[in-house]
Structures are given as C-alpha cells and as structure tokens.
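These numbers come from a predicted model, not from an experiment. Residue numbers start from 1 in every chain, and the chains themselves are labelled A, B, ... in the order their sequence lines are given, proteins ahead of strands.
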Number of protein chains: 2
Amino acid sequence: MATLHDVARAAGVSPMTVSNVLNKHPHVRAETRERVLKAIDELGYRVNVAARNLRAGRTDTIGFAVPEVDSPYFGQLASRIIAKAHDAGYRVAIERTGADRENELSAITSSRTRMYDGLILSAVGLGTADRELLNTDVPMVVLGESMADAPVDHIALPNEAGTYAATAHLVDRGCRRIAIVQGEDQSRLSVTSLRHAGYRRALADRGIEADDALVIGRRHLSIEDGRSAAHELVDGGAAFDGVVCITDTVALGVLRGLADRGLSVPGDVRVVGFDDILEARYSVPSLTTIDPDRDEVARLAVDLLLTRIAGSPGWQPHDHVTGFRLVERESTA
Amino acid sequence: MATLHDVARAAGVSPMTVSNVLNKHPHVRAETRERVLKAIDELGYRVNVAARNLRAGRTDTIGFAVPEVDSPYFGQLASRIIAKAHDAGYRVAIERTGADRENELSAITSSRTRMYDGLILSAVGLGTADRELLNTDVPMVVLGESMADAPVDHIALPNEAGTYAATAHLVDRGCRRIAIVQGEDQSRLSVTSLRHAGYRRALADRGIEADDALVIGRRHLSIEDGRSAAHELVDGGAAFDGVVCITDTVALGVLRGLADRGLSVPGDVRVVGFDDILEARYSVPSLTTIDPDRDEVARLAVDLLLTRIAGSPGWQPHDHVTGFRLVERESTA
DNA sequence: CTGAAAGCGCTTACAG
DNA sequence: CTGAAAGCGCTTACAG
C-alpha cells in the first residue's frame with residue numbers, strides 16, 4: 001500500500017506538504033495541492049490512521065459503552081449520540097458491556113489505551129463502591145444512577161419523579177391496586193430502587209396502601225421478563241388494575257402477558273412504561289410512558305464529553321438530571 | 001502517562017522484555033515477569049494501541065457497517081456478530097451508514113485506512129454499478145443483494161424463497177386478496193424486487209391474479225411507513241384479506257395501522273412479516289414471519305471474514321444464501 | 001509557501 | 001532467557 005512518502009515522491013514535494021494537503025492546512029499553493037491530490041488519486045493512497053493517531057495523540061473517536069446493542073432504548077440513544085458527535089467531527093464506536101462490571105471497567109481501560117479520546121459509559125454493573133475507579137484522567141461521562149457523586153460528569157434520568165408521575169397518572173385514571181414490575185437490584189442508587197421510591201411516594205401521597213404482593217422483581221428486565229411477570233401477577237390471584245413498568249421493553253412484555261391471560265388493556269388493567277422508545281407508539285394498545293428526553297441526554301453527554309476532551313481548567317464534576325414528560329396513550333385511556 | 005520504556009526502567013529490564021510480558025510470549029522467566037507486572041501495576045501503565053496497531057499492522061478490530069444502529073434487525077444481528085468475533089479475539093466497531101451510498105463507500109475506505117482488519121458491510125445504498133469499487137484488497141464480506149457476483153464474499157438472505165413461503169402460507173390460510181407492503185427501489189437485485197418476485201410467483205402458482213392496487217411502496221420501510229401503508233390500503237377501498245410485509249418492522253406498523261382502522265388481525269386480515277425480530281414474538285397479535293437464520297448469517301459472516309484476514313491463497317469470492325423457516329404465530333392463525 | 005529532522009510508542013527480526 | 005537497533009507512517013515544531 002502506498003504511503004505518504006510515495007505520494008510525496010510522485011508529486012515531487014516533501015512529505016510534510018502532502019500532510020498539509022491531507023489536513024487541509026491553508027498555506028499550500030493551489031497548483032501544489034492539485035499535484036498532490038493527483039498523486040493521491042493515482043496511487044490510491046489512504047492515510048494510515050494508526051500512524052496518525054500515534055503521532056497526533058488523538059483518534060477523533062469517542063466510545064459509547066452500552067449494556068446491549070440490541071436494546072431499543074440504547075439503540076435509539078446511540079443514534080442520537082452518533083448524530084451529535086458527527087456534527088463535531090467525531091466518530092462513535094459502540095461497545096457492548098452486557099451490564100457486566102468487569103466489562104464496564106474494561107471499557108474505561110479501552111479509553112486509557114488511547115483507543116478513544118473520551119468515553120460515554122452507561123453504567124449498570126458498576127456500583128457505588130467503584131466510584132474511585134472512575135477517578136481517571138480520561139475524559140468520561142457516565143449515564144446512570146449509581147455513580148452520583150463520583151468524580152466524573154454524570155447524567156441521570158428523572159427516575160424518582162418520572163415514576164411518581166406515572167404512578168400518579170394511574171391513580172388519576174381510577175386505579176387503586178397498582179402493581180410494579182421492576183429489577184432485582186435493591187442497592188441504594190439502582191434504577192430499581194429509585195423508580196420504586198417514586199412509585200411508593202405516589203401511592204402514599206394519594207392515600208393508597210402499598211401491597212408487596214403487587215411488587216414483581218425480575219433479573220434482566222427483558223421483554224420476556226415482562227411477559228412472565230404479567231403471568232405471575234395474574235396467576236398469583238391478587239387483584240390489580242394497574243401496572244407500573246420499569247421500562248417500556250418490560251411494559252411491552254406485560255402487554256403481551258396480559259393478552260395471554262385474556263385481560264384487556266386498558267379495560268381490565270392500565271399499563272404505563274418508562275423510556276418512550278419508538279415502539280411504544282406502535283404497540284396495540286399504544287403505551288403510555290415517561291419520555292425522559294433522550295435528545296437532551298444525547299446532547300448533554302456529547303457536549304460535556306467534548307468540553308472535557310478540549311481541556312477544561314478548573315473543571316468540577318457535575319451531576320445532571322434530565323427533564324421528562326408523561327406521554328398519554330391508549331394503555332391508560 | 002507511563003510508557004513501556006518507563007515500565008522497563010522501573011523493572012530494570014529492556015523494553016522488549018516488557019513487550020514480551022505484555023504479549024504473553026513464553027520465553028520470560030517467572031521472576032522477571034513478576035517484576036514487570038509489578039512495575040506495570042505501580043505505574044498504572046496501559047499499552048498505547050495506536051503505537052501497537054502501527055507497528056503490528058493490525059487492529060484486532062473488525063468493522064460492521066449497518067444502515068441504522070437503532071433497527072431491531074441490525075441490532076440483533078450485531079449482537080450475534082459481536083459474540084462470534086469476540087470468541088475469535090476480535091472487537092467489533094459498529095458504524096452507521098444511513099443506507100447512503102457515499103457512507104457505505106466510506107466505510108470501505110475506513111478499512112483501507114487500517115482502522116479495521118476487515119469489514120462486514122450491509123450494503124443497501126450501493127448498487128450493482130458499484131461492484132467494481134469492491135475490488136479492493138481489504139478483507140470484506142458483504143451482506144445484501146445488490147452485490148451478487150461482485151468480487152467479494154457475499155451473504156444473501158433467502159428473499160425470493162422466503163417471501164414465496166410467506167405468501168403461500170397466506171393462501172393456505174384462505175386469503176385470496178393479498179396485499180404487499182414493500183420498498184420503492186425497483187432495481188434488479190434490490191430487496192424489494194426479490195421479495196416482490198417471491199410474492200408474485202406464489203400468487204401465480206396458486207392461481208391467484210395479482211392486483212396492482214394491492215402493492216404499496218414506501219421509501220424508508222420504517223414502522224411508521226408500515227402504519228401509513230395500512231391506512232392507505234384500507235382507505236383505498238380495494239378489498240384485501242392478507243398482507244405480506246417486506247420486514248417485521250413494517251409488519252408491526254401494519255398491525256398498528258389496521259388497529260387504527262378497527263380491523264382485527266387475523267379475523268379480518270392476516271399479516272405476515274420477514275426477519276423474525278424478537279419483537280415479533282411479543283406483539284399483540286404475535287407475528288407470523290420468515291426466520292432467515294440470523295445465527296447462520298452471523299457465523300458465516302465472521303468465519304468468512306476471519307478466513308480472508310488470515311490470508312487465503314487461491315481464494316475465490318463466493319455467494320452464500322442462508323436458509324429460512326416459516327414461524328407461524330397469531331397474525332395468521 | 002515549502003522542507004529537513006525528530007519522534008509518537010510500540011514490535012520485529014536478529015543476536016547472543 | 002534477554003537485549004540493542006531499526007522502523008511502522010505519520011505530524012509537529014522550527015526554519016527559511
């Protein structure tokens with residue numbers, strides 16, 4: 001494969017002039033530039049990015065580490081992050097962690113090996129105990145809950161307030177026996193703990209007694225988990241007329257599970273989700289949910305990261321919480 | 001940041017010995033290895049991958065270029081490809097092309113810039129006219145139709161046969177007025193052309209006359225396109241009792257669109273999709289579809305690519321077509 | 001506007 | 001089992 005030196009020789013200029021043309025530096029005579037471009041074309045030359053990265057000390061690439069690449073929520077968030085980063089001249093490499101602590105740590109290491117100029121890490125497996133490990137000089141933005149107060153910029157969803165609104169909405173629609181389908185991680189700042197707290201507070205505020213028989217925990221929060229949770233609720237025999245779901249994916253599974261048991265939504269049971277994934281608009285019935293403003297998450301994450309990459313003297317880590325809105329659809333009509 | 005030389009100095013060995021430890025070469029005395037590992041740990045040393053890539057001439061990374069990162073089909077395929085590649089010691093960088101010809105070509109260029117050791121390209125925007133551009137020395141596997149007979153390994157889905165089976169299934173269920181919702185690209189080897197051909201052939205074989213009023217084209221094949229296509233069908237007034245959808249995503253939109261118009265599935269209309277995305281199992285009603293064996297696509301794509309990367313004297317490009325099976329669910333019950 | 005020199009941080013033969 | 005030397009292909013100051 002042709003190198004920059006080959007191009008220089010063919011064009012009768014120095015390697016540095018070729019480099020200047022490649023990097024669109026202004027001080028190159030038009031005629032020289034033409035000669036160089038012609039040589040590049042004729043030789044089919046492509047810059048070797050490994051060499052460029054080594055010398056330049058940057059890759060113009062940011063990493064985005066997510067639990068799963070096939071989750072609608074993260075796919076749709078990734079799509080927005082890619083768009084924002086692209087506008088700023090960065091490419092995005094998506095990395096799968098499987099929500100595993102070790103993999104999340106190794107995503108951080110990947111950045112430290114200079115693969116990425118910075119990292120957006122969706123932290124699920126990391127716990128509050130891992131905070132100190134984030135004390136690194138790599139530009140990083142963490143999405144998630146457990147990292148509040150860690151020494152990095154952090155963006156949280158409106159977990160407690162959002163689920164409060166979702167639960168209150170069910171009460172306003174007349175529900176009195178409201179179940180919740182959630183995760184199994186009960187640690188202090190887990191998504192499940194925070195969203196459960198919003199659910200409990202809403203019930204308490206409306207004078208409704210909580211019933212542990214209506215709390216269903218699932219490990220992985222897949223669509224299948226949602227379905228089996230619905231089966232468990234129905235088969236368990238405790239009366240219920242509303243279900244708060246910890247994610248839209250779980251909610252879509254719950255809709256399916258209720259249909260399996262011949263219950264109609266919203267006629268027999270009302271259901272509300274969280275995330276406002278695209279699919280929530282198209283399910284039958286369409287799904288009432290909390291829209292946590294993914295556009296804002298993407299914009300904020302990229303802006304914060306690029307600021308850190310650019311270097312920010314006197315920078316202090318900040319915790320951000322995005323806004324939300326309740327989107328009312330057929331499942332609670 | 002500490003370099004390999006810093007580690008060497010701290011451990012009192014040569015840089016090359018550190019490199020040998022790093023790369024797990026066998027001929028290092030246990031005691032020396034310990035000293036080096038200790039120094040690595042103390043200095044918090046991480047290898048600089050840009051330097052390693054430059055020197056080694058490889059990145060241990062393969063690219064996977066997809067039209068959209070937030071499509072269930074590609075997300076679920078990517079997940080499988082990541083797993084296969086990981087087993088072989090490769091990481092996967094997912095790149096979005098937006099189904100745009102220019103972006104697909106630039107994904108190829110990315111590989112030629114040595115960012116990736118090889119590329120799996122899901123070609124949608126590239127046409128048959130671009131075949132020659134694929135005549136490159138970069139290891140590459142193309143997924144899609146339009147690249148048949150191009151000078152690269154190529155994996156096609158069972159488009160014609162799969163849609164034939166889907167259409168025949170509707171006929172067997174009693175449908176006689178069968179619509180199709182497809183794309184707008186009528187070029188010879190487009191997905192739409194191939195799947196449409198399967199639809200037509202099945203109708204012909206069963207002695208059913210095709211009706212152009214039942215062919216609905218949509219540009220982007222999003223879930224919203226599926227919904228609006230269903231509206232167009234119903235509002236157009238032509239009778240129909242079955243719908244063949246070019247993808248499951250379109251089919252989920254069609255289910256929603258039919259629900260909007262008060263039609264029941266499968267009571268009034270039967271619907272069949274293509275892809276067997278996970279969501280097809282959970283929609284209400286669940287979706288009958290063609291499972292094109294994504295596991296085989298992923299396995300084959302990675303195997304072929306790694307073979308090309310390893311170097312294969314006398315290699316000749318091959319076209320592969322994966323198998324399929326019809327998955328019967330509620331939408332055609 | 002253009003160039004000669006140095007060096008980014010590794011790994012690869014080659015020796016011993 | 002360990003090391004000295006060369007070099008992967010670029011870009012960055014510095015000169016002129």
Side-chain angles (χ1 to χ4, degrees), chain A residues 1-40 43-61 89 109-117 138, chain B residues 1-37 39-40 43-61 89 109-117 137-138:
Chain A
M1 236 168 183
T3 71
L4 182 144
H5 281 78
D6 299 331
V7 174
R9 204 174 309 122
V13 299
S14 76
M16 137 127 233
T17 297
V18 178
S19 177
N20 282 339
V21 170
L22 249 27
N23 294 291
K24 303 194 172 38
H25 284 201
H27 299 309
V28 181
R29 218 165 23 140
E31 192 247 332
T32 310
R33 190 201 326 282
E34 289 315 315
R35 261 208 336 274
V36 170
L37 291 176
K38 184 155 159 288
I40 287 175
L43 294 173
Y45 168 75
R46 298 295 157 192
V47 68
N48 179 321
V49 288
R52 168 180 283 177
N53 291 346
L54 172 58
R55 184 59 237 233
R58 56 191 171 72
T59 59
D60 295 331
T61 301
T109 303
S110 293
S111 302
R112 298 194 58 217
T113 66
R114 313 280 182 96
M115 294 200 62
Y116 312 133
D117 294 345
V138 175
Chain B
M1 236 166 181
T3 71
L4 181 144
H5 281 80
D6 299 331
V7 174
R9 204 174 308 124
V13 298
S14 76
M16 137 129 231
T17 298
V18 179
S19 177
N20 282 340
V21 171
L22 247 30
N23 294 293
K24 305 192 170 37
H25 284 202
H27 299 308
V28 180
R29 216 163 26 137
E31 191 246 332
T32 311
R33 192 203 322 284
E34 290 314 315
R35 262 209 333 276
V36 170
L37 290 175
I40 287 175
L43 294 173
Y45 169 74
R46 298 294 157 192
V47 67
N48 179 322
V49 287
R52 168 179 283 175
N53 291 346
L54 172 59
R55 183 59 237 236
R58 56 190 170 74
T59 58
D60 294 332
T61 300
T109 304
S110 293
S111 302
R112 298 195 57 217
T113 65
R114 313 280 181 95
M115 293 199 64
Y116 313 133
D117 294 345
D137 48 355
V138 176

Please find the pair of heavy atoms, one from A:Ala8 and one from A:Pro15, that lie closest to each other, and give the distance.
CB-N, 3.6 Å
Would you call A:Glu34 and A:Lys38 a salt bridge, using N to O less than 4.0 angstrom?
no
Under 4.0 angstrom, heavy atoms only, what part of the nucleic acid is A:Asn53 near: base, sugar-phosphate, or nothing?
nothing
Could you spell out the base pairing of DNA chain C as a dot-bracket line? Use Watson-Crick and G-U wobble contacts where both distances are under 3.5 Å, [ ] for crossing pairs, | for partners on a different strand.
|||.||||||||.|||
For A:Asp6 against A:Thr3, the heavy-atom pair lying closest together:
OD2-N, 2.8 Å
So does A:Ala50 get a backbone contact from the side chain of A:Asn53, meaning a donor-acceptor N/O pair under 3.5 Å?
no
If I compare all heavy atoms of B:Leu54 with all of A:Ala51, which pair ends up nearest, and what's the gap?
CD1-CB, 3.7 Å
Nucleotide interval of DNA chain C bounded by contacts with chain B (heavy-atom cut-off, under 4.0 Å)
C:dG9 to C:dA13
What distance separates A:Leu22 CG from A:Thr17 OG1, expressed to the nearest 0.5 Å?
11.5 Å
May I ask you to say what B:Asn23 touches in the nucleic acid, namely base, sugar-phosphate or nothing, with a heavy-atom cut-off under 4.0 Å?
sugar-phosphate
Please figure out whether B:Ala56 or A:Arg58 has its closest DNA chain D nucleotide nearer the 5' end.
B:Ala56
Between B:Leu43 and B:Ala10, which heavy-atom pair has the shortest distance, and what is it?
CD1-CB, 4.0 Å
Heavy atoms under 4.0 Å, any strand shown: does A:Val49 hit a base, just sugar-phosphate, or nothing?
nothing
Close side-chain approach of A:Leu4 to A:Arg52, heavy-atom, < 4.5 Å
no
